[in-house]
Amino acid sequence: MFDVGLPELFVLALVALFVFGPDKLPDVARQAARMVNSARRTLSAVRAQLTSELGPEYANLDLRDLSPRTFVQKHLLADLDDKTPALEGHAPLEPGEVAPFDHEAT
């Protein structure tokens with residue numbers, strides 16, 4: 001989700017040291033850790049409740065799939081990445097290849 005490397009963490013720690021001071025920094029870090037744990041537990045409980053309310057057919061529901069952008073990418077644009085589907089009785093078409101016209105079928 002966030003791309004935070006070592007230099008960014010060092011800058012954040014340095015800023016926190018100047019803002020809170022060396023005496024209060026451990027308490028602030030503990031409070032932040034508790035807040036993150038509480039948020040994780042709450043989100044986990046919400047996800048579990050949503051899954052149980054929707055029923056077993058939605059047991060593997062990924063909440064990111066509920067985003068309209070993700071839905072369109074997953075269900076509509078995924079077909080564009082695949083090769084053209086094979087015609088009945090013919091080999092799959094390569095990209096850029098034109099399907100032969102069957103005069104007997106018409």
Tell me whether Phe18 is reachable from Phe20 by hopping between hydrophobic residues (I, L, V, M, F, W, Y) whose side-chain heavy atoms are closer than 4.5 Å.
no
Could you state whether Leu12 and Val28 fall into the same hydrophobic cluster, counting links through intermediate Ile, Leu, Val, Met, Phe, Trp or Tyr residues with side-chain heavy atoms under 4.5 angstrom apart?
no
Under 3.5 Å: donor-acceptor pair, side chain of Ser44, backbone of Arg40
no
Separation of Gln31 CD from Lys24 NZ (nearest 0.5 Å)
10.5 Å
To the nearest 0.5 Å, how far apart are CG in Leu25 and CZ in Arg30?
10.0 Å
Tell me whether Leu6 shares a hydrophobic cluster with Phe10, the cluster being built from Ile, Leu, Val, Met, Phe, Trp, Tyr side chains joined at under 4.5 Å.
no
Donor-acceptor check, side chain of Glu8 to backbone of Gly5, threshold 3.5 angstrom: yes or no?
yes
Enter the distance from Asn37:CG to Thr42:OG1 here, rounded to the nearest 0.5 Å.
10.5 Å
Check for me, please, whether Val19 and Val11 land in the same ILVMFWY cluster - side-chain distances under 4.5 Å, paths through other members count.
yes
